[in-house]
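Report on one structure; see the data block that follows.
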Amino acid sequence: MTRPTPFLGLAQLCRRVETTTKRNEKIALISTFLKSIGPEEVPLATLFLAGKAFPESDPRVLEISYATISDAGKNLGQSRLTEHPLTIRDVYDTLEKIAQTSGSKSRDRRLSLLQTILTQASQVEAEYLTRMMLGEMRIGVVEGVLLDAIGEASGVPRDLVRRAHMLHGDIGDVASLAMSRGASALELINLRLFVPIKPMLAEMADDPQQVLGEHKDGTAFEYKFDGARIQIHRKDEKVQIFSRRLTDVTDSIPEIVDFAKTQVKASEYLIEGEVVAIGASGKPIPFQDLMRRFRRVHEIESVAEKIPLKLYLFDALQVEGKTLIDQPYTDRWKILSKIVPEQRLAPRIITSDVEKVESFMESALREGHEGLMAKSLTSNYSIGARGKKWFKIKPADKLDVVIVAADWGSGRRVGWLSNYHLAVRDEETGEFLVIGKTFKGLTDLEFETITKRLQAIKTRDGRYTVYVKPSIVAEVAYNEIQKSPRYKSGFALRFARISRFRDDKGPDDAGTLQRLQQLYDKQFENKDRFNME
Ligand code: AMP
């Protein structure tokens, strides 16, 4: 057995990787490190570099707050020098113990575990350990870099490593398999039931013409539901349901579990769909209300009575042991439609006639749904990817708002004021109240011009924010108005993006809080308002 690797080596690697901006250098550094450590340490080090304590599909969480770390730091013992240097294994053993703590004294127990480990840590070790625990690694190791480093260290082709990770989800495990068993082991990796997979995503399309131009071999248009995406995994009597963010939501939706056990004509499958909350008149109600179903874990039965759900299915990724993700949409749909009741399938049409698409869209909206999804008939299921194989088409609403502040940009937008605080005027008080922020919709040239214009009307500087005299009016497109306690206005725009500047308008011509309230109420014409209380 190889000697345990000191955690110091991993912390120093993080420092080195963070200080270089060169991708290839990062890959080489990580690859050399992975080759130098023991096989049982490979998954741990890989997870650490990815900034994770546990694999994504692992439900355990650390629950370490900044306050706990700072309390632990305050009471550290004098001597940081111990005879035994901290090893990678020690660190992960402690993380596991921290995640296992529960009950009334759990904070004290976590604190003491943290103190024990921090007492043994040098400064650089403590720094990276703390950053990882707080979810703030940010050492410039994006997933692609890590996967390429695993490829380089193991000699497995990069594409194979990427595919294995896409299917398997646990980067630590993939690293370990690649290093110890090579390409042949990765080739055997397949979708696994009860391990959530990252859902395929869609790009936004402006209109059906754009979609038809992209999809040369035909398009299926399905209703786009404003609900919550779920993936249902079943094998015999076991059913597990995961959300779009891969959390296990099985216990919050017992009626869907029941459906999965009794209505689907297959004993082993992974299928996908959307659950929508239904109001008294049988129409969908807003997404926010549906989310209450998922947050509740107690009183499930009474909540279930108050918020009935409807399930619409639209994809099959595995059925009776056969993985379908490499098959075209048409075949996956055919298989899905054989195993689920017809009324549970997402309504859809296959056409290249724009007028038909538009009238189908109108039906979707009339029935209280969000718009359409447009799926290429020949496309495979690309796990976790957003691309042109799937488009979403939603009619955007528009509102004129006033910019009252802007944040300095980072990354590509550094040097520009790029995140704009959007406000409407309260007719009663004259005050401008923020209803959202956005950096979307602008060209580089517009960013530059608007940065200059904003600086010229600055009223004060914040740490990252410049506050300005409310005078620039922008038209924003958005998908929904939500109630939000975050802003004094009480509202927030969902998916706001600037569609154009309205220099022909002054701040008094822009939207008002009262108008926003009306628009909010209007949203419910097609949807039932839902009141929990
Ligand atoms: P968006 O959240 O706006 O990026 O749109 C993508 C989301 O739309 C998916 O993650 C699903 O939750 C949801 N959705 C609603 N209807 C469908 C459908 N028919 N096919 C795929 N996704 C859908």
Side-chain angles (χ1 to χ4, degrees), residues 196-206 208 211 215 219-232 241-247 249 253 256 270-278 283-291 293-294 309-317 324-325 328-330 332-333 336-337 340 342-351 357 360-361 363-365 367-377 379-397 438 440-441 477-482 492-497 526-527:
I197 55 133
K198 290 190 188 154
M200 176 164 176
L201 301 169
E203 266 189 27
M204 180 85 81
D206 296 329
V211 173
H215 293 171
T219 308
F221 295 88
E222 299 171 4
Y223 275 14
K224 181 177 196 304
F225 313 98
D226 186 15
R229 184 154 178 183
I230 54 166
Q231 44 183 283
I232 308 177
I241 304 178
F242 298 96
S243 72
R244 169 177 173 154
R245 305 188 65 186
L246 317 187
T247 26
V249 295
I253 44 180
I256 308 293
L270 195 185
I271 57 179
E272 248 202 326
E274 184 104 345
V275 278
V276 180
I278 301 293
K283 284 189 173 175
I285 57 172
F287 177 75
Q288 269 171 313
D289 293 314
L290 169 64
M291 281 299 104
R293 271 300 297 267
F294 288 98
L309 298 180
K310 191 155 182 192
L311 171 66
Y312 294 96
L313 294 161
F314 51 71
D315 223 312
L317 311 194
L324 308 172
I325 56 167
Y329 166 88
T330 328
R332 300 198 311 275
W333 183 276
L336 177 70
S337 59
V340 304
E342 202 186 333
Q343 70 274 22
R344 294 287 190 159
L345 288 172
R348 65 161 203 171
I349 55 167
I350 295 175
T351 183
V357 179
F360 194 57
M361 168 83 119
S363 325
L365 298 176
E367 288 169 36
H369 302 298
E370 219 180 18
L372 299 179
M373 293 291 290
K375 302 182 178 175
S376 151
L377 294 180
S379 63
N380 66 340
Y381 189 97
S382 321
I383 292 178
R386 190 185 294 284
K388 296 185 193 312
K389 294 171 188 169
W390 286 11
F391 280 105
K392 50 191 170 191
I393 320 178
K394 289 191 266 190
D397 290 315
T438 191
K440 298 211 174 107
Y478 62 91
N479 291 95
E480 192 179 46
I481 303 168
Q482 295 187 312
L493 297 183
R494 195 167 162 217
F495 298 127
R497 54 217 174 264
N526 273 337
K527 300 180 176 187

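Order of listing sets the numbers, starting from 1, for every ligand and every atom in it.
- With a 6.0 Å cutoff to the six-membered ring centre and a 45° limit on the axis angle, Lys310 does not count as a cation-pi contact of Phe225.
- The CD atom of Gln482 sits 8.5 Å away from the CZ atom of Phe495 when rounded to the nearest 0.5 Å.
- Residue Arg244 touches ligand 1 through its side chain alone, judged by heavy-atom distances below 4.0 Å.
- Looking at atom 9 (C) of ligand 1, its nearest protein heavy atom turns out to be Arg229 NH1, 3.4 Å.
- In this structure, CD1 in Ile383 is found 7.0 Å from CG in Leu317, a value given to the nearest 0.5 Å.
- Proximity of Tyr223 to ligand 1, defined as any heavy-atom pair under 4.0 Å, is confined to the backbone N, CA, C and O atoms.
- Ranking protein heavy atoms by distance to atom 4 (O) of ligand 1, first place goes to Lys392 NZ, 2.3 Å.
- Per-residue contacts place Lys375 under 4.0 angstrom from the following atoms of ligand 1 (heavy atoms of the residue considered): 18 (C), 20 (N), 21 (C).
- At the shortest separation from atom 13 (C) of ligand 1 among protein heavy atoms lies Glu274 OE1, 3.2 Å.
- Between His369 and Tyr312, the gap from one ring centroid to the other is short of 6.0 Å.
- Heavy atoms of Lys394 found under 4.0 angstrom from ligand 1 belong exclusively to the side chain.
- The proximity of Lys224 to ligand 1, defined as any non-hydrogen pair under 4.0 Å, involves the side chain as well as the backbone.
- Contact detail for Glu274 and Phe314: the closest heavy-atom pair is N-CE2, 3.8 Å.
- Against a heavy-atom cut-off of under 4.0 Å, Arg386 is close to the following atoms of ligand 1: 4 (O).
- Here Met200 has no heavy atoms under 4.0 Å from ligand 1, in either its backbone or its side chain.
- The shortest contact between atom 16 (N) of ligand 1 and any protein heavy atom is with Phe225 N, 3.0 Å.
- By the neighbour-count criterion of 12 heavy atoms within 6.0 Å, atom NZ of Lys392 is densely surrounded, having more than that number from other residues, nucleotides or ligands.
- Under 4.0 Å from ligand 1, the heavy atoms of Phe314 that appear belong solely to its side chain.
- Note: Tyr381 and Trp390 have perpendicular aromatic rings, judged against thresholds of 30 and 60 degrees for the angle between ring planes.
- The distance from the CG atom of Leu313 to the CZ atom of Arg344 is 7.5 Å, given to the nearest 0.5 Å.
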